[in-house]
Amino acid sequence: MFQVQHQSIRPLTTAHLAQTMTLLSLTADELKQEIDSELSSNPALEMVEERRCPTCHRLLTEPGKCPICSLPTNIESEEPVVFLSPREEFIPQKDYIDTEIDDEPFAPATEDLPTYVLRQIAPDLKPEQRGLAAFLLTHLDEDGLLTTSLMDVARYTHFMISEVEKVQKIIQLADPIGVGSCTTTDALLVQLQVLAETGEVPEIAEILVREGMGELSHHQYSDLAHKYNVPLRKINEAAKFIAENLNPFPARSHWGDTRQPVVEQTQVYHQPDILISYLNDDPNRPLVVEIIMPISGTLQVNPLFKQAVRQASDDTKPDLKQDLEKASLFVKCLQQRNHTMERLLIRVVGMQRDYIIKGEKFIKPVTRAQISRELEVHESTISRAVANKAVQLPNKRIVPLSSFFDRSLNVRSELKEIIEKESKPYSDSDLVEILGQRGYEVARRTVAKYRAIEGILPAHLRKVTTKAT
DNA sequence: CTATGGCACGGATT
DNA sequence: AATCCGTGCCATAG
């Protein structure tokens with residue numbers, strides 16, 4: 001009677017810890033895979049059926065209360081509401097995507113464009129709208145523009161035009177902003193609208209885009225100035241703004257300065273692991289943070305299996321017992337993971353509230369180390385939790401969770417703003433000076449780096465961007 | 001001579 | 001322990 005069997009009882013804490021760590025670092029998608037494989041390989045695990053909130057019909061991980069509906073109606077908490085939310089699974093079948101899309105000849109992307117967009121907007125769609133959305137998304141050209149007229153779409157799918165338009169609106173606001181527009185003009189207008197929510201947009205920009213595209217692209221700025229009776233300077237400014245911030249082909253990287261090695265910021269399509277939105281879309285209400293769970297039920301140890309183990313004969317018992325252990329460990333780890341994520345998000349979202357609402361300029365330089373101290377967990381825990389996760393902000397933009405910890409993002413956006421505002425070109429050392437006045441101490445060399453990151457040209461190249469011929 | 005980009009080093013972060 | 005980021009120094013371009 002050696003302790004051969006005893007090995008099934010492992011040092012729970014270490015294993016527990018290790019697995020939790022692994023789970024923490026997983027994306028929602030990866031987590032799903034993990035759960036699936038565990039679920040299928042281990043008979044002791046079971047998933048109880050999905051539950052929905054009686055009031056709002058939202059899927060729940062736990063029975064009963066829906067965190068949103070159970071909220072007092074008029075809370076004005078600074079603290080965000082954080083909860084786990086199962087993702088409504090909506091992966092478009094490949095056959096939605098017919099001949100149009102050849103399977104990624106070059107694929108740094110995680111998924112193709114239609115899927116990517118669909119995932120973002122799925123929560124906003126009524127089930128019956130999804131097919132329509134999928135239809136629209138599969139009729140995009142490589143620039144992200146619609147190849148079919150809305151009219152035809154409506155006729156073909158038997159939806160009302162107004163309905164089609166509604167869905168298109170939703171699509172346009174998704175990440176490659178403007179995707180799914182009928183024309184480049186439309187795409188630009190949508191982008192303008194979105195930009196206007198967070199930053200400042202030259203007033204004439206909209207009208208220019210709406211009516212003056214032809215002149216714009218031919219650089220007939222003086223004509224435009226005359227036509228709308230505004231100073232040429234304004235036009236130049238607007239043109240520059242448009243060239244730098246808008247993209248007529250949403251699915252492509254950039255436009256305008258074709259000769260610039262603008263190393264496009266991670267064009268990687270990511271689907272969010274965390275959704276942040278306003279309660280009822282009202283900016284005055286508290287933020288709602290949903291941590292996406294890729295499953296729609298509750299994972300638990302199958303009680304039947306437990307019972308079976310007890311009755312099992314002695315020779316099979318150890319094996320079964322091991323499964324049981326594993327299953328319960330897995331469940332524990334999963335809970336641990338979610339708990340950690342929850343605490344992390346509460347903290348981080350609470351701190352970066354301004355960033356989330358008002359934009360990059362208001363980000364507070366927080367390091368992972370700080371958070372880890374506050375949460376009393378190891379730094380590496382936070383690191384793992386933060387890595388490889390994407391967050392969808394209320395404005396539908398998707399950013400990596402790690403951006404919440406970017407030490408220099410606020411300085412960079414300040415810098416960006418200075419340069420955009422003052423149309424007279426500042427040299428790097430000038431910029432150091434100005435930034436200093438605004439409370440940002442940075443070295444000259446650093447400014448140069450920031451410019452590079454933001455894809456801003458050096459001063460002497462910048463000044464003549466809008467030269468009329 | 002001034003403004004920038006390159007290389008590399010040290011300290012902070014992960 | 002490995003990596004990232006801010007900086008200083010130097011070479012180069014205008």
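Sequence lines set the chain letters: A, B, ... in the order given, protein chains first and strands last, and positions in each chain run from 1.
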- prompt: If you look at every heavy atom in A:Ala187 and A:Gly178, which pair is closest and at what distance?
  reply: CB-O, 3.7 Å

- request: Nearest whole angstrom, please: distance from the C1' of B:dC9 to the NZ of A:Lys449.
  value: 12 Å

message: Under the side-chain contact (heavy atoms from CB on, under 4.5 Å) test against A:Ile177, which residue among A:Leu188, A:Leu192, A:Val194 passes?
response: A:Val194

task: Scan for side chain to side chain donor-acceptor pair (under 3.5 Å) pairs involving residues 434-446 of chain A, sequence neighbours excluded, and state none if there are none.
output: A:Glu414-A:Arg438

Each nucleotide N or O in nucleotides 12-14 of chain B that has a protein N or O under 3.5 Å away: list the pair and distance.
unit_1: B:dT14; atom_1: OP1; unit_2: A:Arg368; atom_2: NH1; d: 2.5
unit_1: B:dT14; atom_1: OP2; unit_2: A:Arg368; atom_2: N; d: 3.3
unit_1: B:dT14; atom_1: O3'; unit_2: A:Ser383; atom_2: OG; d: 3.1

- request: Using the closest heavy atom to pick a nucleotide of DNA chain B for each, name whichever of A:Arg445 or A:Ser429 lands nearer the 5' end.
  value: A:Ser429

- prompt: Short question: side chain of A:Gln172, backbone of A:Val190 - any donor-acceptor pair under 3.5 Å?
  reply: no

task: Nearest whole angstrom, please: distance from the P of B:dA3 to the CD of A:Glu433.
output: 13 Å

message: Students should find this one: the first and last nucleotides of DNA chain C, 5' to 3', lying under 4.0 Å from a heavy atom of chain A. What are they?
response: C:dC5 to C:dC9

query: To the nearest 0.5 Å, what is the distance between CG (A:Leu24) and CZ (A:Arg337)?
result: 6.5 Å

query: Minimum heavy-atom separation for A:Ser403 to A:Ile363, with atom names?
result: O-CD1, 3.1 Å

message: With no hydrogens and no angle check, just 3.5 Å: does a side-chain donor-acceptor pair link A:Asp430 and A:Ser427?
response: yes

statement: Nearest heavy-atom contact between A:Arg368 and A:Ser402 is NH2-CB, 3.5 Å

